[in-house]
Participant: 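Take a look at this one; I'll ask things after.
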Amino acid sequence: MIADRRRFLRLAGLGALATATAAAGAACERAGQPGPTASTGPPPPSTTTAAAPTGPPDWVALRARMAGELLLPSDAGYDAVRRPYNSLYAAHHPAAIARCTTPSDVQACVETARNSRTLVAARSGGHSYAGYSTPDQGLVIDLGRMARVEVRPDGTAVLGAGTRTIDVYAALAAKGRALPAGSCPSVGIAGLTLGGGQGVLTRLHGLTCDRLLAADVVLADATAVTATDGELFWALRGGGGGNLGVVTAFTFETVAAPRVTVFSLRFPAGSVPDVLGGWQDWIGGAPDELWSNCIASAGSPPSCRVGGCFAGTAAALNPRLDNLVRRTGATPIARTVTAMGYLDAMLYFAGCSSKPVEQCRVAAPTPFAASSRMLEAPMRDTAAVAALIDGRQGLDVAFDSLGGAVGRVATDATAYPHRGALATVQIYAGGTDRRPVSEVQSALSGLVGRGAYVNYIDPAQQDWAQAYYGANLPRLQAAAARFDPDRVFFFPQGLVNT
Ligand SMILES: Cc1cc2nc3c(=O)[nH]c(=O)nc-3n(C[C@H](O)[C@H](O)[C@H](O)COP(=O)(O)OP(=O)(O)OC[C@H]3O[C@@H](n4cnc5c(N)ncnc54)[C@H](O)[C@@H]3O)c2cc1C
């Protein structure tokens, strides 16, 4: 299992040594169960006309209103459902978990949370890096049972908000269609889309949010709307999960599923400066069909590998890989190039090639620390990146290419702001020690840029709102003030907290 996960992370660009220790997760857990109380959210801003809370949340009344299930800490099954994917946050014990089955259930939850000022968060795939979809003592609006994929004859697809990416890929592939999205099979399409959504088809077909046509949303006043244009629709495309409302369904434009060739080149220890330098020049001039990442792994000295996906044949790819090798001046110690269909490629990047789809959907919680930067322009000092991770252990810095279709969308066309970036840079370490990740992330700002990717949300991120949203921050703040004036969807790095 650990070996599988390590392989997945490397292929997917997360690249960490997944040294999850069961003891670390267990150490965070509480001995007892909290009672059925809930912490209240922050007071509304003094300028609002919000009504005073009507009292503590009435879970009995909420349960009676729901078609789905409401789990309280005393209920059997609560503990299994409450656990977030990142077990660094295993100590979070929600006051209640609403396993919604209809948009009306979601409306009832939002109304209950709003009226009682209870912290509330939607949870779809549960993969928030910071555990934000599992608010301690709050209400979880769990959309896992609202998972469905409907592929229409015109090639559009309607996805229930609780759908995991692997189920999206499998259902679309069965119809010869695809959606550019991420590599992890158990990530929710909801969180992924709302923060942008990058993956192996991103340079060819854009971010996941760029393919969004409509979103069904329950707003902070508990009304249900469908957003197809205007400020809400603009903000949902990159403004980050947890803000403005709870999405219950997404409609996407899909693309024809391509046949692809996947590849991996492993370079010797000590080659990081040369490989990073050659890779960034190479990918900067590559066609949209070519997506790639370059992962530098800590060590003494650090090592490096380049992987990726080409929407074309192996015969067309191989000369390009030869060109990459020439640019690096380094000799790979291993090189694999394999042609395959779209679904097989998604299973390959998920580290699931030999498993049935059903087994890929479920991910065991694991502790990890991660953060990000954006590579705004080619780095001049790639040796400095290698020096940052020299002598460390179990930490990877993954450069995931952007550009292509991502860069042809105007910065203000959607809330996702990093349109001009060459790559997303992720710093990742399995385990419970955040310090090395924060040190490397902080030092990288002087080498690559100060931006960061909201989907790699980092509770320790300095100046987080500016880093995640850049030039789009003021417009997002205005959208949050308009759609959530009472700060119902408050969380530490939420738009209503800026
Ligand atoms: C192993 C792993 C691999 C990853 N790979 C990629 C990748 O390849 N590409 C990429 O771009 N990202 C990737 N990510 C990051 C991923 O996109 C984010 O973690 C994303 O937020 C997860 O979405 P979720 O629905 O699974 O998480 P959740 O924890 O359920 O939600 C994340 C945030 O969105 C909010 N939210 C959830 N559902 C809704 C909803 N229906 N409406 C409104 N808000 C909602 C939550 O409250 C929370 O704040 C990866 C993450 C992990 C852990």
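Whatever order the structure lists them in is the order used to number ligands and atoms, beginning at 1.
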Participant: Please tabulate, for side-chain N and O atoms in residues 140-147, each donor-acceptor pair with protein atoms closer than 3.5 Å (sequence neighbours left out).
Facilitator:
{"from": "Asp142", "atom 1": "OD1", "to": "Gly144", "atom 2": "N", "distance (Å)": "2.7"}
{"from": "Arg145", "atom 1": "NH1", "to": "Glu69", "atom 2": "OE1", "distance (Å)": "3.0"}
{"from": "Arg145", "atom 1": "NH2", "to": "Glu69", "atom 2": "OE1", "distance (Å)": "3.2"}

Participant: Just to be sure I read this right, does ligand 1 sit under 4.0 Å from the backbone of Phe491, its side chain, both, or neither, counting only heavy atoms?
Facilitator: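 It is neither part, as no heavy atom is under 4.0 Å.
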Participant: Backbone or side chain, does any N or O of Ala161 fall under 3.5 Å from an N or O of ligand 1?
Facilitator: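 No, there is no polar N/O contact under 3.5 Å.
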Participant: Decide, yes or no, whether a salt bridge links Arg419 with Asp210 under the criterion of side-chain N to carboxylate O below 4.0 Å.
Facilitator: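 Looking at Asp210 together with Arg419, the answer is yes, because their closest N to O distance falls below 4.0 Å.
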Participant: Taking 4.0 Å as the limit for heavy-atom contacts, which would you say applies to Ile189 with ligand 1: side chain only, backbone only, both, or neither?
Facilitator: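 Under 4.0 Å from ligand 1, Ile189 contributes no heavy atoms.
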Participant: Please report whether the ring centroid of Tyr428 lies less than 6.0 Å from that of Phe368.
Facilitator: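 Yes, close enough.
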Participant: For Gly126, is the nearest heavy atom under 4.0 Å from an atom of ligand 1?
Facilitator: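 Yes, that is the case, since the closest heavy atom of the residue is under 4.0 Å from the ligand.
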Participant: Is Gly199 close enough to touch ligand 1? Criterion: a residue heavy atom under 4.0 Å from a ligand atom.
Facilitator: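 Gly199 does not count as a contact of ligand 1 under the 4.0 Å cut-off.
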Participant: Which atom pair, heavy atoms only, marks the closest approach of Ala235 to Leu244?
Facilitator: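 Heavy atoms of Ala235 and Leu244 come nearest at CB-CD1, 3.3 Å.
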Participant: With backbone taken as N, CA, C and O and side chain as the heavy atoms from C-beta onward, which portion of Ala122 lies under 4.0 Å from ligand 1: side chain, backbone, both, or neither?
Facilitator: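 The answer is both, backbone and side chain.
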Participant: Using heavy atoms and a 4.0 Å limit, tell me yes or no: is Gly245 in contact with ligand 1?
Facilitator: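 Yes.
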Participant: What part of Thr134, side chain from CB on, backbone N/CA/C/O, both or neither, has a heavy atom under 4.0 Å from ligand 1?
Facilitator: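 Under 4.0 Å from ligand 1, Thr134 contributes no heavy atoms.
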Participant: Below 3.5 Å, N or O to N or O, backbone or side chain included: is there any such pair between Asn455 and ligand 1?
Facilitator: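 Yes, since at least one N or O of Asn455 sits under 3.5 Å from an N or O of ligand 1.
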Participant: Which atoms form the tightest heavy-atom contact between Ile189 and Ala161, and what is the distance?
Facilitator: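 Minimum heavy-atom contact is CG2-O, 4.2 Å.
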Participant: Going by side-chain hydrogen bond (donor to acceptor under 3.5 Å, both in side chains), name the pairs with one or both residues in residues 231-242, residues two or more places apart or in two chains.
Facilitator: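 Sorted result for residues 231-242: Glu231-Arg475.
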Participant: Heavy-atom contacts with Leu192 under 4.0 Å: which atoms of ligand 1 show up? List them by number with element.
Facilitator: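 It comes down to these atoms of ligand 1: 9 (N), 10 (C), 11 (O), 12 (N), 17 (O), 20 (C), 23 (O).
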Participant: Ignoring angles and geometry beyond distance, decide whether Tyr132 reaches within less than 3.5 Å of ligand 1 through its nitrogen or oxygen atoms.
Facilitator: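 Min N/O separation from ligand 1 is not below 3.5 Å for Tyr132.
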Participant: Counting only heavy atoms, tell me which of Thr248, Thr165, Val247 gets closest to atom 42 (N) of ligand 1.
Facilitator: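 Among Thr248, Thr165, Val247, the closest heavy atom to atom 42 (N) of ligand 1 comes from Val247.
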